2 protein chains.
Amino acid sequence: MTLKMRHNRSPKPPEPCMLTECMAVIAGAWAPNVIWSLRAGPRRFSELRTDIPPISAKVLSARLSELEERGVLVRHVRRTSPPSTEYELTPLGRELIPALDAIVQVGHRLKTVRSA
Amino acid sequence: MTLKMRHNRSPKPPEPCMLTECMAVIAGAWAPNVIWSLRAGPRRFSELRTDIPPISAKVLSARLSELEERGVLVRHVRRTSPPSTEYELTPLGRELIPALDAIVQVGHRLKTVRSA
DNA sequence: CCGTATCCGTTCAGATACTG
DNA sequence: CAGTATCTGAACGGATACGG
């Protein structure tokens, strides 16, 4: 954990409004990583924890609840023993992937340019 | 100001690393809006303030310094009277625009889906 | 006009411990 | 395995006042 982020409250302009609309879903330390991990298909709670090593159970739980509430992912609980839960992107959630891809592309550029 | 964002510290996975690399630049309440406002060309401090109404001078100043330090934009000071300062995206900063465009696209989808 | 300095509230994230 | 509870610290953002 080295890079910094910031809080957010929505501004109001016409286009920037749409910017903020999506940023609110994407933003934060872990939300984008969670969505990224679910890109290839459903994942369980503990799988997400190993996918995104330094995330704490509390924060992962909070992020998952938030993303579920926003309609980005759904929770499937299997009442087995031991219990198991799967998280999966909704069609709406999958629409975020192109944006994340674009962000990853720029991430590569930022890295290479900085080391140049 | 209604939508929420979160803090950030970088994780470590291979791809998600690139995700976070760019998110650190893009994240926060105002950074994306500042970049968006500079998309069409150089802007002065007060112009940015009116472009992004509810931003305070302190925060705008902080964001501009940060983005300058990251090599996303440059400051041109004109020692006139009254003084004037222009901010302009660097080539590196302009590389962020496709990502912001993608984010705006999803923003539209999020809005329409939610009202459906 | 272009900022900086200060104070202060809110929110998020980390660590630890504990439950079904 | 899948979480929740609590406490703590840090970072961001808002408002106001002031300086070059």
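Predicted, not measured: the structure shown is a model, and the values here were computed from it.
Within residues 71-79 of chain B, the residues having any heavy atom closer than 4.0 Å to DNA chain C are, in order of number, Arg75(B). Residues from residues 82-89 of chain B that place a heavy atom under 4.0 Å from any atom of DNA chain C, listed by number: Pro82(B), Pro83(B), Ser84(B), Thr85(B), Tyr87(B).
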Could you run down the sub-3.5 Å N/O contacts of the protein with nucleotides 5-7 of chain C?
none

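Atom CE of Met23(B) is separated from atom C1' of dC12(C) by 14 Å (rounded to the nearest Å). Regarding Leu60(A), its CG atom lies at a distance of 16 Å from the C1' atom of dA15(C), rounded to whole Å. In this structure, CD1 of Ile52(B) is placed 11 Å from P of dG14(D), rounded to the nearest angstrom. One atom, CG of Leu67(A), and another, P of dC12(C), lie 12 Å apart when rounded to the nearest Å. Computed from coordinates, the Glu66(A) CD to dT4(D) P distance equals 14 Å when rounded to whole Å. For Asp51(A) and dA2(D), the CG to P distance is 12 Å, given to the nearest whole Å. Here the P atom of nucleotide dT4(D) and the CD1 atom of Ile55(A) are 13 Å apart, to the nearest Å. The distance from atom CG of Leu64(A) to atom C1' of dA13(C) is 15 Å, rounded to the nearest whole Å.
Put simply, Ser56(A) has no side-chain N or O that comes within less than 4.0 Å of OP1 or OP2 on dA13(C). For the OP1/OP2 pair of dC1(C) and a distance below 4.0 Å, the side-chain nitrogens and oxygens of Arg44(B) include no atom meeting the criterion. For the OP1/OP2 pair of dG3(D) and a distance below 4.0 Å, the side-chain nitrogens and oxygens of Ser61(A) include no atom meeting the criterion.
Between the Arg94(A) side chain and the Leu89(A) main chain, a donor and an acceptor come within less than 3.5 Å of each other. The main-chain N or O of Thr112(B) is found under 3.5 Å from a side-chain atom of Ser115(B) such that the two form a donor-acceptor pair. Checked by atom type and distance alone, the side chain of Ser84(A) never pairs as donor or acceptor with a backbone atom of Thr80(A) at under 3.5 Å. Within the 3.5 Å criterion, the main-chain N or O of Asn33(A) finds a donor-acceptor partner in the side chain of Ser37(A).
In this structure, the separation between CD on Glu86(B) and CZ on Arg44(B) is 7.5 Å, given to the nearest 0.5 Å. In this structure, Arg70(A) CZ and Leu92(A) CG are separated by 11.0 Å, a value rounded to the nearest 0.5 Å. Taken to the nearest 0.5 Å, the CD1 atom of Ile103(B) stands 12.5 Å off from the CD1 atom of Ile97(B). Atom OG1 of Thr90(A) is separated from atom CG of Leu96(A) by 8.0 Å, given to the nearest 0.5 angstrom. Distance check: Thr85(A) OG1 to Arg79(A) CZ gives 10.0 Å after rounding to the nearest 0.5 Å.
Side-chain contact check for Val104(B) versus His108(B): some heavy-atom pair is nearer than 4.5 Å.
Using a 4.5 Å cut-off between side-chain heavy atoms of Ile, Leu, Val, Met, Phe, Trp and Tyr, with links allowed through other members, Val74(A) and Leu48(A) fall into different hydrophobic clusters.
Secondary structure note: stems in DNA chain D built from 3 or more consecutive Watson-Crick or G-U wobble pairs under 3.5 Å occupy C:3-20 with D:1-18.
Set against dA2(D), dC12(C), dC1(C), the side chain of Arg63(A) has dC12(C) as its closest nucleotide.
By the salt bridge (Lys or Arg N to Asp or Glu O under 4.0 Å) test, Arg43(A) pairs with Glu47(A), Asp51(A), sequence neighbours left out. For Ala102(A), the side-chain contact (heavy atoms from CB on, under 4.5 Å) partners two or more places apart in sequence, or in a different chain, are Ala99(B), Ala102(B).
Screening Leu38(B), Val34(B), Leu60(B) for a side chain to side chain contact (heavy atoms under 4.5 Å, CB included) with Tyr87(B), the sole residue that qualifies is Leu38(B).
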